[in-house]
There are 2 protein chains.
Amino acid sequence: MSEKIRGGRSRRELKNGAGEVLRSPCPVACALDILGDRWTLLVIRDLLLGRSRFKDFAASPEGIPSNILSERLGRLLRHGLAEQVPAEDGTMRLGYRLTEKGRALGPVLRTLRDWGLKWEPSTEARMK
Amino acid sequence: MSEKIRGGRSRRELKNGAGEVLRSPCPVACALDILGDRWTLLVIRDLLLGRSRFKDFAASPEGIPSNILSERLGRLLRHGLAEQVPAEDGTMRLGYRLTEKGRALGPVLRTLRDWGLKWEPSTEARMK
DNA sequence: CAAATTACTTGCAAAAAACAAGTAAAATGA
DNA sequence: TCATTTTACTTGTTTTTTGCAAGTAATTTG
C-alpha cells in the first residue's frame, strides 16, 4: 500500500477520481493525466458548443478517428466529465452532455482559445 | 499548393508559426498541436515557476524521461515559446526562459490548476 | 587532473494513434 | 413491411510516439 521513494521515505500512492495512479499531487499534472492529448479538449470544445452526438464530434473539421473518439468519450464518462442522455430528437439514440465537472473546463478552453487567437496566425474562433 | 476537399472545393493549407500543417483553423486545435500531450504544459509550468535548467525540469516529481524533455524543449524553441539564455550562475551552461508568447500561457496554466484543485481530490498547488 | 555532473543522444521495446474495414441496432423510405 | 441507409461503434493492421536504459562529450568540482 505504500511505496519506497528515493531516500527511504514512503508515501501513499495518490489516485485520481477514476482510481488511476497520479504522477504527482500537482493539480496541473493530474488534469493532464485526463486531458493531456491532442483530442480530448477538442471533444470538450464540441460539447461546450452544444454538440452531443457521436456523429457530430466525428464531423468536426479536425477529423478525429472513430476509434479514438470512442475511447475518449469512454474516458470522459469514467472521469465524470460527461454523461449519457437520451437524444433530444425523439429517437432511441443516446447523446453525451457535460457534467458540472466537465462544464467547469469552460475557462480553460477560453484561455486556450484566446492564446491561440493572439499567438498563432491564421486561426479564427467559433466559440464565444 | 491547394488541396481538394470533399465536394471539390479547395482551400489553402493552413500552417502554424513553425510551418507545420494545421488540422483546422480553430485556435484550440492549433494550440493543442503544440501543447497537446502529457508533458509540454508541465515543462511550461516549471518555466513559469522560474526553473530554467534541464536538470531542474528533470527533477520535477513527475519524472519526465530525458529524451522526451529534450524533444519538448526543442519544440518550445521551434515554436517561439522559449529561448535559450546563458545560465545566471556564471557557468558556461545554457538555460531556458519563456518568451512573451510562452509567458502568455500563464492564464491557461492557472485555470487548469484551479480546475484540478476543485475537481480532483488529493491535489495541492505550489503555483501562485 | 581525476571524478562527478550536465545536457543531451541513441537504441530498443511497448503503447498509442491512425487508417481501413466490418457489424449490429436503429431509423428511414417505398 | 421490409429493404436501404445511418449511427455508433468494434476489430485488425500499420505507423508513430512514448518510455526506459545506456552511452557520450563537454563542463565543472574536488
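Order of the sequence lines fixes the chain letters, A, B, ..., with proteins taken first and strands second; residue numbering starts at 1 for each chain.
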Base versus backbone protein contacts along nucleotides 2-13 of chain C [heavy-atom cut-off under 4.0 Å; B, S, -]: ---BBSBBBB--

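Between W39(B) and the phosphate of dG19(D), there is a side-chain N or O to OP1/OP2 separation shorter than 4.0 Å. Taking side-chain N and O atoms only, R72(B) has a distance below 4.0 Å to OP1 or OP2 of dT18(D).
At whole-Å resolution of the value, CG in D37(A) and C1' in dT16(D) are 15 Å apart. Here the P atom of nucleotide dG19(D) and the CG atom of L42(B) are 11 Å apart, to the nearest Å. Atom P of nucleotide dA15(C) and atom CD1 of I68(A) are separated by 16 Å, given to the nearest angstrom. The distance between atom CZ of R38(B) and atom P of dT18(D), rounded to the nearest whole Å, is 10 Å. Regarding L69(B), its CG atom lies at a distance of 14 Å from the C1' atom of dT18(D), rounded to whole Å. With rounding to whole Å, F57(A) atom CZ is found 17 Å from dT6(D) atom C1'. Distance, R23(B) CZ to dC19(C) P: 12 Å, rounded to whole Å.
Rounded to 10°, the helix from dC1(C)-dG30(D) to dA30(C)-dT1(D) has 30° between the axis fitted to its first five pairs and the one fitted to its last five.
Side-chain contact, E83(A) with Y96(A): no donor N or O sits under 3.5 Å from an acceptor N or O. R72(B) and T40(B) form a side-chain donor-acceptor contact under 3.5 Å, judged by distance and modelled atom types alone.
D89(A) has a carboxylate O that lies under 4.0 Å from a charged side-chain N of R53(A), or vice versa, which qualifies the two as a salt bridge.
Here T111(B) pairs with T111(A) under the side chain to side chain donor-acceptor pair (under 3.5 Å) rule; sequence neighbours left out. Scored by the side chain to side chain contact (heavy atoms under 4.5 Å, CB included) test, E124(A) finds P25(B) as partners (sequence neighbours excluded). Scanning for side chain to side chain donor-acceptor pair (under 3.5 Å) contacts around S70(A) gives an empty result, with sequence neighbours left out.
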field: salt bridge (charged side-chain N to carboxylate O under 4.0 Å, His left out) between D56(B) and R51(B), intermediate numbers included
entry: CA-CA 6 Å; D56(B) 300 326; R51(B) 291 170 195 143; over 6 Å; no

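Contact record, L117(B) with P27(A): N-CB, 3.7 Å, taken as the closest heavy-atom pair.
Residue pairs meeting the salt bridge (Lys or Arg N to Asp or Glu O under 4.0 Å) criterion with at least one member in residues 26-36 of chain A, sequence neighbours excluded: R23(A)-D33(A), D33(A)-R38(B).
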